[in-house]
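Structure, as structure tokens:
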Amino acid sequence: MLFAALRLNRKLKEKDEADPRTENNTKEGIKKEKKPKKEEAEHPVTTKKKSKEEIEAAKALKIKKREEEEQQRWRWWEEDKYEDGVKWKFLEHRGPFFPPEYQHLPDNVNFYYNGKVVKLGLAAEEVALFFAQMLDHEYTTKDVFRNNFFKDWRKEMTLEERVLISDLNKCDFRELHTMHKEKVEARKAMSKEEKLVMKEANQKIVEEYGFCILDHHRERIGNFKIEPPGLFRGRGEHPKQGMLKKRIQSEHEWLPPAGHHWKEVRHDNTVTWLASWTENVQGSCKYVMLNPSSKLKGEKDWEKYEVARRLKSCVNGIRQQYQQDIKSKQMEIRQRAVALYFIDKLALRAGNEKEEGETADTVGCCSLRVEHITLHDLLEDKECVVEFDFLGKDCIRYYNKVPVTKRVFKNLKLFMKNKEPGDDLFDRLNTCLLNKHLSSLLPGLTAKVFRTFNASITLQEQLQQLSNMTDKPAEKLLSYNRANRAVAVLCNHQRVPPKTFDQSMANLQSKIDGRREQLALAKSELKLAKKEVKAHSSDSKLQAVVERKKKAVQRCEEQLMKMEVQATNREENKQIALGTSKLNYLDPRISVAWCKNMEVPLDKIYNKSQRDKFAWAVDMTGADFLF
DNA sequence: AGGGGAACTTAGCAAGGCGCAG
DNA sequence: CTGCGCCTTGCTAAGTTCCCCT
């Protein structure tokens, strides 16, 4: 079967589902290598002593595999680009993978309403289970969530069910909840063999659905699995939290024309998605797209950094201009200039308008409101300080106290004059206006390019400043992480500290303490040994002892240093997420060049999938690269 | 000239697998 | 060898931008 880009509709019939659990003995390729090894490990037929050789062999195999992979890699960056807009010439794929249909609960698991067992129909029961599964999540205690859920749930009920079930508080989902928890436990408790079977079944699905052929090359698909139905979980105070996210496919029988599984098969090669559908909660489109390692994504990524580098070469002029524009007679231009100042200096997002009541109340630069900033003529010994406090993307709080120029400060006062806290700070500005202006300054320039540019240039500068060739490997890595961290702070990439943070920090600390004692001991032993040597002039045996002790001290020191660096790094990273900037904002060529210059292996910086994503950069970048 | 939708990037969280210390 | 913490991976929500339509 050959599909071009496919467009689906949730009303359509489910595609023939290949049962992942069917027996199939024809395992090929990669799996063949893996399987026997594992079995050997479980049933050590011969001696364990072999393990060293085995490890060596495994290493060699890994290297060989890596090389093979490297040889097979599509070096699209060495090819000519297509004419504008064309994304591919040939595309073949299997269509997306659909989640399994819902099966009725076992007879002994009951839902109760008002204390009495109620056997729900398939539709209502499925939705009830969504709620039951989340019972120990905070979500289910929130009014908005509960109300939205209940409203949507009732829509799935039969008339009788709807008549009966009128109050969520009288619903008892506990048995469903327990069943779900048991299922999770059972999955965890599966034996190694069972887990392996599951893994292989999943592999099979990936093999079948997870790839497409694009212009004669096999490319990994990013999200080939259709999102299963469930309850919508927005972030922050989302007005739609708890609503039912419906199953993508046919609950409506009136479709589709016989023999056609898809709403429409489109052959549109100006587009990068393989399939799309409309999601019912927000009414937006969702897409099946390729993996970040694909040509389509990689090429775009590369281009993104090239635009950012172009900005680098003209950013001084642009900065001068917006400083000038702040004095403009036209209010619109002054607002634009101040907004751009923030975007450039603070790496704020553009800030599109959002429909009220449809999403959580978050803002970016252009959508800042008066209530989001406080002006301080003097704060902590600094003049003209702007205090920002607002919720940005994903409801992550942005809090920052920033000294600004007098001009900017005066303008902000002006913009805020006679306004209510809820009014727009930049009432004459929106992202469209701003971006139009930007693209007139430099083709391809938009607000978000500043984020990319400032992130990447910060990394480069920080790496330059922080790293020393003479440092130990662990120290070099700490420097890299610190540079990365500076970017994450700039971009406000946060995370909630892991639940186990304090504990694991304490554990590490006690390990450090232990090692310190060990070091002290080793040192005193060394001293003693040296004394011995002196006392008995140069006895060669004693000399050897000294050497040994010296080595021990050295080893101890190294390990201690390593752990201390690790502790510092972890502490500094407590609330900061490095991944997002690494993956989306930092030109990978900066990191590749740094690794070459510092003689740090690349895989200390990038894991496998990151190396795949940035293969183009890894391949083309020399030590002399400058962003 | 602005509203809305399509297309694509950016985002944090949670589960689970994997590696490492004890 | 095993238990545990960390990292990777998957998931999907939430942004940005562009373009078309009115």
Requested in this report: Using heavy atoms to find the nearest nucleotide of DNA chain C for A/Asn607 and A/Cys432 separately, return the residue whose nucleotide is more 5′.
Outcome: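 Nearer the 5' end of the strand: A/Asn607.
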Would you please confirm or rule out a distance under 4.0 Å between OP1 or OP2 of [N] and any side-chain N or O of [X]?
{"X": "A/Gln282", "N": "C/dA14", "result": "yes"}
{"X": "A/His238", "N": "C/dA14", "result": "yes"}
{"X": "A/Thr580", "N": "B/dT10", "result": "no"}
{"X": "A/Thr362", "N": "C/dG15", "result": "yes"}
{"X": "A/Lys297", "N": "B/dT9", "result": "yes"}
{"X": "A/Lys304", "N": "B/dT10", "result": "yes"}
{"X": "A/Asn584", "N": "B/dT9", "result": "no"}

Query - Nucleic acid contacts - residues 436-457 of chain A versus DNA chain C, non-hydrogen atoms under 4.0 Å - result: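 Going residue by residue through residues 436-457 of chain A, the ones with a heavy atom under 4.0 Å of DNA chain C turn out to be A/Thr446, A/Ala447, A/Lys448.
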Whole angstrom value for the distance that separates [atom2] of [N] from [atom1] of [X]:
{"X": "A/Asp394", "N": "B/dG12", "atom1": "CG", "atom2": "P", "result": "6 Å"}
{"X": "A/Tyr287", "N": "C/dG15", "atom1": "OH", "atom2": "P", "result": "18 Å"}
{"X": "A/Lys87", "N": "C/dC18", "atom1": "NZ", "atom2": "P", "result": "13 Å"}
{"X": "A/Gln575", "N": "B/dG12", "atom1": "CD", "atom2": "P", "result": "13 Å"}
{"X": "A/Trp277", "N": "C/dT12", "atom1": "CH2", "atom2": "P", "result": "8 Å"}
{"X": "A/Ile605", "N": "C/dC7", "atom1": "CD1", "atom2": "P", "result": "14 Å"}
{"X": "A/Trp273", "N": "B/dC8", "atom1": "CH2", "atom2": "P", "result": "9 Å"}
{"X": "A/Lys300", "N": "C/dT16", "atom1": "NZ", "atom2": "P", "result": "16 Å"}

Scan side-chain atoms only and decide if [X] and [Y] contain a donor-acceptor pair under the 3.5 Å cut-off.
{"X": "A/Asn492", "Y": "A/Gln494", "result": "yes"}
{"X": "A/Arg451", "Y": "A/Tyr585", "result": "yes"}
{"X": "A/Thr362", "Y": "A/Lys354", "result": "yes"}
{"X": "A/Gln335", "Y": "A/Asp427", "result": "yes"}
{"X": "A/Ser367", "Y": "A/Asp424", "result": "no"}
{"X": "A/Asn435", "Y": "A/Thr446", "result": "no"}
{"X": "A/Thr272", "Y": "A/Tyr287", "result": "no"}

Query raised in the report: Under 6.0 Å between the ring centres of A/Phe388 and A/Phe342?
Result: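 Under 6.0 Å, so yes.
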**Report entry** Centroid separation A/Phe614 to A/Tyr606 less than 6.0 Å
**Finding:**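 Aromatic pair counts; centres sit under 6.0 Å.
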Go through [options] for me and flag the one nearest to the [X] side chain.
{"X": "A/Lys225", "options": "C/dC11, B/dC8, C/dA14", "value": "C/dC11"}
{"X": "A/Lys188", "options": "B/dG12, B/dG16, B/dC8", "value": "B/dG16"}
{"X": "A/Asn223", "options": "B/dT10, C/dT12, C/dA13", "value": "C/dT12"}
{"X": "A/Arg220", "options": "C/dT9, B/dA6, C/dG10", "value": "C/dG10"}
{"X": "A/His137", "options": "C/dT17, B/dG12, B/dA14", "value": "B/dA14"}
{"X": "A/Lys393", "options": "B/dC18, B/dA11, B/dA7", "value": "B/dA11"}
{"X": "A/Cys285", "options": "B/dA6, B/dA11, C/dT12", "value": "B/dA6"}

If you look at every strand shown and take non-hydrogen atoms under 4.0 Å, does [X] touch a base, only sugar-phosphate, or nothing?
{"X": "A/Ser609", "value": "sugar-phosphate"}
{"X": "A/Leu583", "value": "nothing"}
{"X": "A/Pro292", "value": "nothing"}
{"X": "A/Lys240", "value": "nothing"}

Query raised in the report: In terms of side-chain geometry, is the basic nitrogen of A/Asp612 or A/Lys608 positioned less than 4.0 Å from the acidic oxygen of its partner?
Result: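 A/Lys608 and A/Asp612: salt-bridged.
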Query raised in the report: Mapping A/Ser581 and A/Thr270 onto DNA chain B by nearest heavy atom, which one lands closer to the 5' end?
Result: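 Nearer the 5' end of the strand: A/Thr270.
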**Report entry** Toward the 5' end of DNA chain B, by each residue's nearest nucleotide, A/Tyr585 or A/Ser284
**Finding:**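 Upstream on the strand: A/Ser284.
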Query raised in the report: How are the rings of A/Phe224 and A/Tyr209 set to each other: parallel, tilted or perpendicular (split at 30° and 60°)?
Result: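 Parallel, since the angle between the ring planes stays under 30°.
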Query raised in the report: Between A/Gln610 (side chain) and A/Asn607 (backbone), is there a donor-acceptor pair under 3.5 Å?
Result: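 Checked: pair present.
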Query raised in the report: Near DNA chain B, under 4.0 Å by heavy atom, which residues of residues 347-359 of chain A?
Result: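 Within residues 347-359 of chain A, the residues near DNA chain B are A/Arg349.
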